[in-house]
Amino acid sequence: MTLDGKIAASTGHAAWVSSKMSRKQVFETRSRSDAIVVGGNTVRRDNPRLTTRQEGGHLPIRIVMSRTLNLLEDANLWDVSTTQTIVATQRGARRDFQRRLTSKGVEVVEFDILTPRAVMDYCYDRGFLSVLWECGGALSAPAIAFGVIHKVIAFVAPKIIGGVTAPSPVGELGMVEMTQALNLTDVSFQQIGPDMLISGYLQPIPDLVPTIPAMEAASIVNPIAVSTSNGPNIICFYKAWDVYGSFSNFSPHPISMPDSNGDYIIWKSVEHYYQKFEGVHDSIAQECIKRIRSAESPEEAARMGRSLERQRPDL
């Protein structure tokens with residue numbers, strides 16, 4: 001956004017508010033996300049592709065929230081040749097348009113009541129670990145109000161555009177006093193070219209140090225979790241807004257898992273292991289497993305596995 005808090009001019013023109021270096025950072029953030037959520041206004045005004053602008057690597061699923069489905073007939077997001085698009089809408093909305101979307105390969109999901117919370121519950125059921133809300137003020141406000149936003153990432157450009165009707169990053173939250181303002185915690189600042197990147201958490205950070213149980217106690221719960229030679233080998237999971245971070249499929253930590261013969265194999269990440277095809281003896285699948293195991297990043301492993309899944313659903 002600009003220094004005076006605008007994400008576009010009064011005309012809607014927004015190319016570009018931030019610098020090329022900041023936009024590159026956004027692409028990298030997308031590549032670390034399982035899904036990106038935008039609203040109907042973003043589709044109508046910007047007609048985005050929501051790609052990572054990178055050859056290879058992980059491509060997140062695009063999710064469009066629209067109650068009325070008043071959307072472009074030929075939006076760039078309807079091209080699902082490289083990654084999937086999901087349209088979340090109110091039950092019964094424009095069934096004819098829904099059919100046209102599904103004919104293009106777009107997945108349409110109807111909700112009795114379409115809310116950010118309902119969409120996040122759906123994302124949870126789909127197994128998405130990290131969801132990026134890259135939307136305008138009309139959708140970001142209810143997303144914040146429903147408590148589904150944990151981390152805020154804001155790029156501030158040293159520009160002033162003005163305009164009473166120029167859009168801002170967050171719409172109406174119903175707050176009338178500054179004492180009601182939502183305070184970010186664990187705030188960090190980073191200069192990206194001419195811009196300033198400000199990030200912080202909306203959820204309170206637990207002021208707790210994780211308790212690692214003694215080896216004897218851990219062995220009672222799970223004998224496999226203890227290494228007698230190197231002490232306890234315990235993985236602790238935290239909420240996304242925890243001060244200690246979170247462990248996910250895309251965390252850069254290798255794991256050791258047994259193969260069909262009982263021999264342990266090192267996989268570069270949980271995602272590398274997750275993308276392998278269990279019990280499949282097809283030659284193409286076996287070759288893909290080798291490439292997945294040697295993939296340089298979890299995102300690359302995900303891209304390989306999901307690409308083969310689309311090409312060969314029978315596997």
Side-chain angles (χ1 to χ4, degrees), residues 1-27 29-30 36-51 62-78 87-90 93-94 97 113-117 119 131-149 151-184 187 189 192-200 202:
M1 63 182 172
T2 61
L3 198 59
D4 54 337
K6 309 296 184 182
I7 58 175
S10 299
T11 60
H13 187 266
W16 295 105
V17 174
S18 58
S19 67
K20 186 176 182 180
M21 287 172 280
S22 293
R23 297 197 298 276
K24 183 175 184 292
Q25 189 95 349
V26 172
F27 299 149
T29 302
R30 288 177 182 174
I36 304 173
V37 181
V38 297
N41 285 338
T42 297
V43 176
R44 287 186 292 269
R45 294 173 182 173
D46 301 338
N47 194 18
R49 298 182 184 276
L50 301 181
T51 62
R62 293 86 54 95
I63 300 177
V64 178
M65 286 184 62
S66 175
R67 287 192 176 94
T68 62
L69 289 186
N70 180 24
L71 303 171
L72 302 174
E73 289 282 350
D74 56 350
N76 291 323
L77 292 178
W78 310 157
V87 173
T89 188
Q90 202 85 8
R94 293 191 65 188
F97 187 66
I113 301 177
L114 181 65
T115 65
R117 170 58 63 187
V119 171
V131 179
L132 177 63
W133 290 73
E134 195 174 332
C135 49
L139 181 54
S140 65
I144 291 172
F146 272 93
V148 302
I149 304 298
K151 185 176 184 179
V152 175
I153 303 173
F155 292 90
V156 182
K159 301 176 181 179
I160 295 176
I161 188 65
V164 176
T165 60
S168 64
V170 181
E172 180 59 52
L173 285 173
M175 299 178 183
V176 295
E177 297 181 356
M178 192 55 65
T179 53
Q180 296 176 291
L182 301 174
N183 293 312
L184 299 184
V187 179
F189 304 86
I192 308 292
D195 305 330
M196 182 62 69
L197 169 60
I198 305 173
S199 62
L202 279 174

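Because the structure is predicted, anything quoted here is derived from the model rather than measured.
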Participant: Between Thr2 and Val156, what is the shortest heavy-atom contact and its length?
Facilitator: O-CG1, 4.1 Å
Participant: Which value, rounded to the nearest 0.5 Å, describes the distance between Thr42 atom OG1 and Leu139 atom CG?
Facilitator: 7.5 Å
Participant: Can you tell me if Ser168 uses its side chain to pair, donor with acceptor, with the backbone of Gly5 under 3.5 Å?
Facilitator: no
Participant: For a 4.5 angstrom cut-off between non-hydrogen side-chain atoms, does Leu77 reach Leu50?
Facilitator: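 Contact flag for Leu77/Leu50 side chains = yes.
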Participant: Mind checking salt bridge (Lys or Arg N to Asp or Glu O under 4.0 Å) for Arg30 and listing every partner two or more places apart, or none if nothing turns up?
Facilitator: Glu134
Participant: If you measure from OG1 on Thr29 to CZ on Arg23, what distance do you get to the nearest 0.5 Å?
Facilitator: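 Those atoms lie 14.0 Å apart.
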Participant: Of all heavy-atom pairs between Arg117 and Phe146, which one has the smallest distance, and what is that distance?
Facilitator: NH2-O, 3.3 Å
Participant: Using distance alone, with no hydrogens and no angle criterion, decide if Asp195 and Ser18 have a side-chain donor and acceptor under 3.5 Å apart.
Facilitator: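 Side chains of Asp195 and Ser18: no pair found under 3.5 Å.
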Participant: Ignoring hydrogens, what is the shortest heavy-atom contact between Pro169 and Ile7? Give both atom names and the distance.
Facilitator: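 The pair with the smallest heavy-atom distance is CG-CG2, 3.7 Å.
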Participant: Report, one line per pair, each donor and acceptor closer than 3.5 Å where one atom sits in a side chain of residues 63-72; sequence neighbours left out.
Facilitator:
from	atom 1	to	atom 2	distance (Å)
Ser66	OG	Leu69	N	2.9
Arg67	NH2	Leu114	O	2.9
Thr68	OG1	Asn70	N	3.4

Participant: If we only count heavy atoms from C-beta on, is the Pro158 to Met196 side-chain gap below 4.5 Å?
Facilitator: no
Participant: Work out which heavy atom in Ala166 is nearest to a heavy atom in Ala9; give both atom names and the distance.
Facilitator: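 Result for this residue pair: CB-C, 4.1 Å.
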Participant: Start with the C-alpha gap between Leu197 and Ile153, add the side-chain angles, then the distance that decides, and say whether side chain to side chain contact (heavy atoms under 4.5 Å, CB included) holds.
Facilitator: CA-CA 7 Å; Leu197 169 60; Ile153 303 173; 3.3 Å; yes
Participant: So, does Lys159 use its side chain to make a donor-acceptor pair with the main chain of Val17 at under 3.5 Å?
Facilitator: yes
Participant: Can you list the steps and then say if Leu173 with Gln180 is a side chain to side chain contact (heavy atoms under 4.5 Å, CB included)?
Facilitator: CA-CA 10 Å; Leu173 285 173; Gln180 296 176 291; over 6 Å; no
Participant: Can you tell me how far apart CE (Met1) and CG (Leu3) are? Round to the nearest 0.5 Å.
Facilitator: 8.5 Å
Participant: Can you check whether Ile160's main-chain N or O pairs, donor with acceptor, with Asp4's side chain at less than 3.5 Å?
Facilitator: no
Participant: Step through the shown structure and confirm whether more than 12 heavy atoms of other residues, nucleotides or ligands are within 6.0 Å of CG on Leu132.
Facilitator: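 It does: Leu132 CG has more than 12 such atoms within range.
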Participant: Checking Lys151 now: which residues fulfil salt bridge (Lys or Arg N to Asp or Glu O under 4.0 Å) with it, not counting sequence neighbours?
Facilitator: none
Participant: To check you understand the geometry: which heavy-atom pair defines the closest contact between Pro142 and Gly137, and what is its length?
Facilitator: CD-O, 4.4 Å
Participant: Which heavy atom in Gly171 sits nearest to a heavy atom in Ser140, and how many Å separate them?
Facilitator: N-OG, 4.2 Å
Participant: How about CZ on Arg44, more than 12 heavy atoms from neighbouring residues, nucleotides or ligands closer than 6.0 Å, or not?
Facilitator: yes
Participant: May I ask you to test the Leu184-Leu202 pair for a side-chain heavy-atom distance under 4.5 Å?
Facilitator: yes
